[in-house]
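Structure first, then comments.
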Number of protein chains: 2
Amino acid sequence: MQGYDPSAFPPFAVTVDLAVFTVRAMRLHVLLVERGQDPHRGRWALPGGFLLPHEAAEQAARRELAEETGLSCDTTEGLHLEQLRTYSDPDRDPRMRVVSVAFTALLPDLPEPRGGGDAARARWTPRDEASPLAFDHDRILADAHERIGAKLEYTCLATAFCPAAFTLGELRQVYETVWGVALDRPNFRRKVLATPGFVEPVAGGPRRTGARGKPAALYTAGPARSLHPPLLRPEGRPR
Amino acid sequence: MQGYDPSAFPPFAVTVDLAVFTVRAMRLHVLLVERGQDPHRGRWALPGGFLLPHEAAEQAARRELAEETGLSCDTTEGLHLEQLRTYSDPDRDPRMRVVSVAFTALLPDLPEPRGGGDAARARWTPRDEASPLAFDHDRILADAHERIGAKLEYTCLATAFCPAAFTLGELRQVYETVWGVALDRPNFRRKVLATPGFVEPVAGGPRRTGARGKPAALYTAGPARSLHPPLLRPEGRPR
DNA sequence: ACTTTTATAGTCACACTGACTTTTAAGGGG
DNA sequence: CCCCTTAAAAGTCAGTGTGACTATAAAAGT
């Protein structure tokens, strides 16, 4: 029905929702906001909001993220946003038809965000303590978690969780935290270093003080974007 | 901006677009319709159309596919539709803001479709002769082709291109056609048969007549949905 | 001094892969 | 009817990546 009489098409509200993850204290955390308006006022939800008439979805996602969490422009501008999928169940919003385009993003551990816009508050929440969320955001969060877990296998995305310089132990913890499994240290090291362009050694003496064990060498993210061969998650070996 | 005054949100038109592929005569084909209305009247485009007020995107995709191409209900009901991504560039439609949710589907070779609804005509077109299409459909088609190519690597999706019973040679042609590379016959056979649940042998004597060479055994799609280990496409070996 | 923790190095058997050869069974042409 | 072509099916073999494991090194805590 691609007729174009402007009055002939059913109007929809279009929103964006963001599942923004970080690894903090060995646990996967997700960025949540407390809703300041009905419906679901006072409940926690993924950050997001309405598309403006001139915006593409990704622009709107960046804007809402900055508005609702006060993350700095430095953070949000360079941030890699990936479209997850679109949720269009007619009943997903109790008041009206809202079609929502969901995005996923990964950040290194950052200071606590602040609320703003329509968000009363914002905070990092451990992923397994996030439910129940408003609307169908539990479903979106589950899809996003599954997606980033899968992407770690065949992309270099894990470095997006790490600060500019990191140790292989920190990188390994990203995988262990997202997948919820324990990985063999020497084998992980071998695979990462065998993939050209995944990580590159950085000068600067080994490791900041305060940690235990032998000092580790520091690395930065390399230019590679994909992993050949992939780093597959083990099947059934819980941590 | 999650305010809920019904007059406070910008209204958008929401459409679905479908990239439906098949393998016919050793070439990848895509289902196209000729537009019967402006804009782009007379040009070829992916089938699709407006979401109705009560519909989820996937329902709308099924309905539009049936309306515009006359494919039988048997075909469209059981069809596996996969959401590709959502296109929301403000300029993607010359008349107004249209946000489109794109889907991908795979079919075995079928009779020629007919037009219907807003489609003047419908036909299977070789994928490399499809451009230029209306709107941003060249981009959607490219994304869809890339996606199905990637999915063949780690899912059992290839059997969706095949009839109920097929030979390993036919299955291999699916991979070769979508990827545009030549695969080693013995190695392909070994990998497919080594993956439990990918294909299952079927009784009925070998191969229908009319083909040359030694008769091949027939198989049907097995219960497996994913491929472990994956069947990776070779890097730089054009057919 | 000793234990704990983590990084780093190295070993080994096994599975999978790509490249290749050989054999079998059909059709087509002279 | 023989031979050639085509494609399926079966097998070989060397190289590579992997999981499981052991050993050594260098820090912090007790």
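Reminder, nothing fancy here: chain letters follow the sequence lines and each chain counts from 1. Since we're looking at a predicted model, the values are computed, not measured. Below, all heavy atoms of this structure are taken into account, side chains as well, without hydrogens, waters or symmetry copies.
- Non-hydrogen atoms lying under 4.0 Å from DNA chain D are contributed by A:Pro229, A:Pro230, all within residues 225-232 of chain A.
- Closest approach of B:Ala130 to B:Leu141, counting heavy atoms only: CB-CD2, 3.7 Å.
- A donor-acceptor contact shorter than 3.5 Å links the side chain of B:Glu153 to the backbone of B:Arg233.
- Straight-line distance from the CD atom of B:Glu170 to the P atom of D:dT6: 19 Å, rounded to whole Å.
- Protein atom CG of B:Leu183 is 15 Å distant from nucleotide atom C1' of D:dA7, rounded to whole Å.
- Nearest to the side-chain atoms of B:Asp184 among the listed nucleotides C:dT5, C:dA19, D:dA26 stands C:dA19.
- Atom-to-atom distance recorded for A:Glu170:CD and A:Leu218:CG is 7.5 Å, nearest 0.5 angstrom.
- Here the straight-line distance linking atom OG1 of A:Thr177 with atom CD of A:Gln173 works out to 6.0 Å at 0.5 Å rounding.
- Atoms OH (A:Tyr219) and P (C:dA7) sit 11 Å apart, rounded to a whole Å.
- In this structure, A:Asp138 contributes its side chain and A:Leu133 its backbone to a donor-acceptor pair below 3.5 Å.
- Phosphate contact (OP1/OP2 of C:dA7, side-chain N/O of A:Arg185, threshold under 4.0 Å): present.
- With B:Asn187 as the fixed residue, the side chain to side chain donor-acceptor pair (under 3.5 Å) test singles out one of B:Arg185, B:Arg190, B:Arg189: B:Arg190.
- Judged by distance alone, with hydrogens and angles left aside, the side-chain atoms of A:His137 form a donor-acceptor pair with the main-chain N or O of A:Leu46 at under 3.5 Å.
- Nucleotide D:dT30 is matched to C:dA1 when pairs are restricted to Watson-Crick or G-U wobble geometry with both distances under 3.5 angstrom.
- Straight-line distance from the CG atom of A:Leu171 to the C1' atom of C:dA7: 14 Å, rounded to whole Å.
- Comparing D:dA9, D:dA25, C:dA19 by their closest approach to the side chain of A:Lys214 singles out D:dA25.
- When atom types are taken as modelled, the side chain of B:Arg147 and the backbone of B:Leu84 share a donor-acceptor pair closer than 3.5 angstrom.
- The cationic group of A:Arg123 lies under 6.0 Å from the six-membered ring centre of A:Trp44 and within 45° of the ring axis, placing it in a cation-pi geometry.
- Taking atom CZ of residue B:Phe166 and atom C1' of nucleotide D:dA8, one finds them 16 Å apart after rounding to whole Å.
- Rounded to an integer number of Å, the gap from A:Gln173 CD to C:dT5 P is 14 Å.
- Within residues 186-194 of chain A, the residues approached by DNA chain D to less than 4.0 Å at the level of any non-hydrogen atom are A:Pro186, A:Asn187, A:Arg190, A:Lys191, in residue-number order.
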